[in-house]
Amino acid sequence: MNDRVPVIVFIGQPNCGKSTLFNAIAGFKAQTSNFPGTTVCHAHSQVVWKNRVYSIVDLPGTYSLTPQEPQEKVVLTHIFGEKPDLIVNVIDASLLCRSLELTVELLELEYPMVVVLNMMDLAEKKGMKIDPVALENKLGVPVIKTVATRGQGTKELMDRVEKILAEQTTPRHLRYSGEVEGRIKKLIEMLPADFPVIANPRFTAIRAIEAETLAVDKFFLENNPEFKKGLDRVRQEISALREAPAYEVLAAERHHLALKIFEDCCRVRHARLSSLEKLDSLIMHPVLGLFLLLLIFAGMFYLIFRVGSPLEAWLLKPWEALRLGIQERYGHNLPAELLVGLVQGVGGGVAIVFPYFIPLLLLMGFLEDIGYLARAGFLMDAFMHRLGLHGKSVPLFILGFGCNVPAIMATRILESRRDRIITALLIPFIPCAARTTIILALVAFLLGPWWALGFYFLNLVVVAVLSSILTRVFKYSSPGLILEIPSLKWPSPKNILQKTYFNLKEFVRFAWPILIAGSLLLSFLSFLHFDRLVNAVLTPLVSGLLGLPSSLGVTLLFGFLRKELSLLMMFQALGVSYGQLLSVINRAQLLTFVTFVNFFIPCLSTLAILWKELGRRVALISVVLNLSLAVLVSWLVRLAFALF
Amino acid sequence: MFGHKKDRVESPPIVGGVCSLLEIPHGHKFRIAEINGGAGLHRRLLALGFHRGDLVALDGEALLGGPVLVKNLNSDTRIALGRSIARKILVEPADEHER
Ligand SMILES: Nc1nc2c(ncn2[C@@H]2O[C@H](COP(=O)(O)OP(=O)(O)OP(=O)(O)O)[C@@H](O)[C@H]2O)c(=O)[nH]1
Ligand SMILES: [Mg+2]
């Protein structure tokens, strides 16, 4: 073999554990969760195994090779555009029968391939006995059992990968029934000499037949009317065989192949109802399920607050002491001011953000891994319909509570562009973990947990109202919900910890430098009295409209970088310590300010991802929408306090 | 365990012809007879492993005209379908020996 780095792609149906397996081999790099459609963009990593380098690519899940959702198209570009050296077809062994349909399709590519039976633990619990040797014989490719969450089977997998790559063995496709196979052969003979053959002529012919009703079909017509005529004739013949559209006939052929293999290689004993299945009937109960949903979210924020607030009080003390010590000792000169800025930046990150951020990440990780996201989508679908969206947006909003950026990326799982745009415009209004932290640290800590809960409620009402307005503007009826509900899975604590650690690391890496640099910059600006200029410009808005001290103006500029920055800088700008905050501003002002910052333009990274995913126009609309709503709602909050 | 699934135990004989997924009782086995609606929906369901001839059962539904939960008994997977979509899927009672 030459010394080019071999490319290995992980392909499989959504939620079969590709990313978990990828992480087990390459170290934690890809997000995982028990929700079909977690990965929407490829992740790759170089791995060294027995002194050889491999490039491993984790792809989004795809149900079949006829792509229907944007993230599924990513898979095709990888298979067709950048021909991989080896395909690792990951299968959820507990769903063996359905998963084999994609395997049959992948075998048709006749690329070197290895099949991974992942989630063997779940399959065994379900009473499935799978015979790997029989399966290997039927499929003609190596079959390896793994439990990705425990890292079991990864060594065997890499050994097999190495062997297959060295031997360059390619599998043979499985044969459909004779009459269908005959029609495919006929089309292969019709393929024009200059036809762009993918993988091999048979695979190309099958894809062409299945392209019926897809956009590619028009391309055939325009480029080669002669071929299109022949293609349509073949389709008609195939369709006449079973009295069904040709694409369904081919899908049914694969289904029968998969079913036959499944029956030959797998025995199922009936297992008892597991405790998780009993729990599932509670979660999915039409009435109790909704109660549980409310309870889970209220309980979650209560828990985070109970854990976070004593921790916050305890952690703040040394930083406060340090700040006061510096000011007492060195007075007001530039180095001292900068030092104070540094202490406030670092202290804010450690004492105010961490106590709430970490429990929130842990709890979100738990909900994701047990499989609650899809279930919340199911329960909330009816409400979402009243707001003009459907239940598939709910998991995205819940993701948004963690961080808006991946939530906007994940809007790729929505089929219609209209739903995508509306959901992406709404997500910046969902308070992400960093903002939640601030809401809990300021509103709940200083005013009491009920105020924070009220604030959350207000936030959700704003999202709901905005959603029904937006969906009226972009009129068009939603295509209706189709969402796979994955089985509930006991989360692995190791995975949750890894995920939390990974997200925390990202936060420390990207947010901290900004928090600290922001604090330093503000100290510097205020030392030069430059902040007064900014404050003067913003006075009409800050003091006039919102009734806040004009010294808060400058913090809004920083809020564009990260929203929690403006809130943390309140103290610095007002020149008070955390505990004394309510001595300089009152309750109404605090809430008005928090409201304004919460809805204020999406932070830089959110804006960047909006731009990248949905274009400049949507990003611009988002800015305008957020700004105007921030002004409106915070003004209303001020008004409400003035009146009552 | 919870009320809405009780009817799984008692099994009144079901007779009759084809009806939509919205009209069948919980927990009984039915066979997919026809998928109406466009090619897009048809392909999507095929990809999710819902074929003509598969055995399915209604496994739950959400409040207020929310989606229904459909279990595919052949592949042991479950999908949530909005009512507008469930209405387009026609089923017939499964044969006696399959119940
Ligand atoms: N019990 C068990 N759970 C697993 C195993 N492998 C993965 N999981 C869990 O299954 C869920 C899905 O895993 P992912 O790795 O996100 O799946 P994926 O194939 O990348 O999914 P998409 O990106 O949505 O296509 C996660 O909650 C994992 O913790 C396994 O071998 N056993
Ligand atoms: Mg993934």
Side-chain angles (χ1 to χ4, degrees), chain A residues 13 62-64 66 68-69 72 94-99 101-102 126 210 212-214 244-245 247-248 251-252 255 258-259 262 268 273 278 281-282 284-290 374-375 377-386 390-392 415 477-487, chain B residues 1-9 21-22 26-27 32-56 58-89:
Chain A
Q13 297 196 324
T62 180
Y63 288 105
S64 79
T66 312
Q68 285 156 334
E69 293 181 9
E72 294 186 334
S94 67
L95 301 175
L96 182 63
C97 183
R98 187 191 74 182
S99 313
E101 287 178 36
L102 178 65
K126 258 172 89 171
E210 292 200 325
E212 191 175 3
T213 74
L214 296 186
Y247 64 83
E248 189 189 342
H255 176 51
L259 202 61
F262 173 74
V268 188
L273 214 61
K278 284 181 203 147
S281 61
L282 170 65
M284 298 295 261
H285 190 277
V287 182
L288 298 178
L290 279 176
R375 286 166 172 79
F378 169 79
L379 291 169
M380 297 280 291
D381 184 64
F383 299 99
M384 298 311 283
H385 264 292
R386 306 241 141 79
H390 65 62
K392 226 170 162 178
E415 292 94 352
S477 76
S478 231
L481 178 75
I482 304 182
L483 178 63
E484 183 176 6
I485 309 287
S487 63
Chain B
M1 181 174 183
F2 297 100
H4 71 296
K5 286 197 173 167
K6 228 181 257 160
D7 49 6
R8 184 176 288 167
V9 195
L21 263 184
L22 287 183
H26 282 258
I32 298 181
E34 190 66 63
I35 297 171
N36 290 328
L41 172 64
H42 200 166
R43 279 172 190 276
R44 182 109 208 101
L45 288 170
L46 277 177
L48 280 157
F50 281 69
H51 316 82
R52 248 198 299 181
D54 281 0
L55 284 179
V56 293
L58 214 55
D59 206 21
E61 63 188 300
L63 275 188
L64 304 173
V68 294
L69 192 59
V70 187
K71 182 168 189 155
N72 186 326
L73 298 163
N74 292 90
S75 59
D76 202 20
T77 50
R78 293 197 301 173
I79 55 174
L81 292 178
R83 273 168 196 263
S84 57
I85 288 174
R87 191 169 295 122
K88 292 179 186 150
I89 300 175

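Atoms considered below: every heavy atom in the structure, side chains included; atoms not considered: hydrogens, waters and symmetry mates. Treat the numbers as computed from the prediction; the structure is a model and nothing was measured.
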Does any heavy atom of chain B fall under 4.5 Å from the side chain of [X], the backbone, both, or neither of them?
X         : answer
Glu484(A) : both
Phe262(A) : neither
Ala374(A) : neither
Leu290(A) : side chain

### Message
Let me confirm one number: the OG-CD distance from Ser75(B) to Glu101(A), rounded to the nearest 0.5 Å.
### Response
8.0 Å
### Task
Rounded to the nearest 0.5 Å, what's the gap from CD1 on Ile79(B) to CZ on Phe378(A)? Could you check?
11.5 Å
### Contact leader toward chain A among Gly53(B), Gly66(B), Ala62(B), where contacts are heavy-atom pairs under 4.5 Å
Ala62(B)
Of all the heavy-atom pairs spanning [X] and [Y], show the shortest one and how long it is.
X         : Y        : result
Glu210(A) : Arg43(B) : O-NH2, 2.7 Å
Ala382(A) : Pro67(B) : N-CD, 4.4 Å
Gly480(A) : Ser84(B) : CA-OG, 4.1 Å
Leu48(B)  : Tyr63(A) : CD2-CZ, 3.3 Å

### Residue part contacting chain A, namely of Val68(B), when any heavy atom lies under 4.5 Å
backbone
### Task
Answer with side chain, backbone, both or neither: which region of Leu69(B) has an atom nearer than 4.5 Å to a non-hydrogen atom of chain A?
both
### Heavy-atom pair count under 4.5 Å with chain B, highest-scoring of Leu259(A), Leu102(A), Asp381(A), Ile485(A)
Ile485(A)
### Message
One pair to check against side-chain contact (heavy atoms from CB on, under 4.5 Å): Tyr247(A) and Leu46(B). What are the steps and the verdict?
### Response
CA-CA 10 Å; Tyr247(A) 64 83; Leu46(B) 277 177; 4.1 Å; yes
### Query
Tell me, do Leu379(A) and Leu63(B) make a side-chain contact under 4.5 Å, heavy atoms counted?
no
### Message
Counting C-beta onward and ignoring hydrogens, is there a side-chain heavy-atom pair between Ile85(B) and Ile482(A) closer than 4.5 Å?
### Response
yes
#### Entry: Any residue meeting side-chain hydrogen bond (donor to acceptor under 3.5 Å, both in side chains) with Arg87(B), in chain and number order, not counting sequence neighbours
none
### Task
Could you tell me which residues satisfy side-chain hydrogen bond (donor to acceptor under 3.5 Å, both in side chains) with Gln13(A), sequence neighbours excluded, listed by chain and number?
Arg98(A)
### Query
Quick one: do Glu248(A) and Arg52(B) make a salt bridge, cutoff under 4.0 Å?
yes
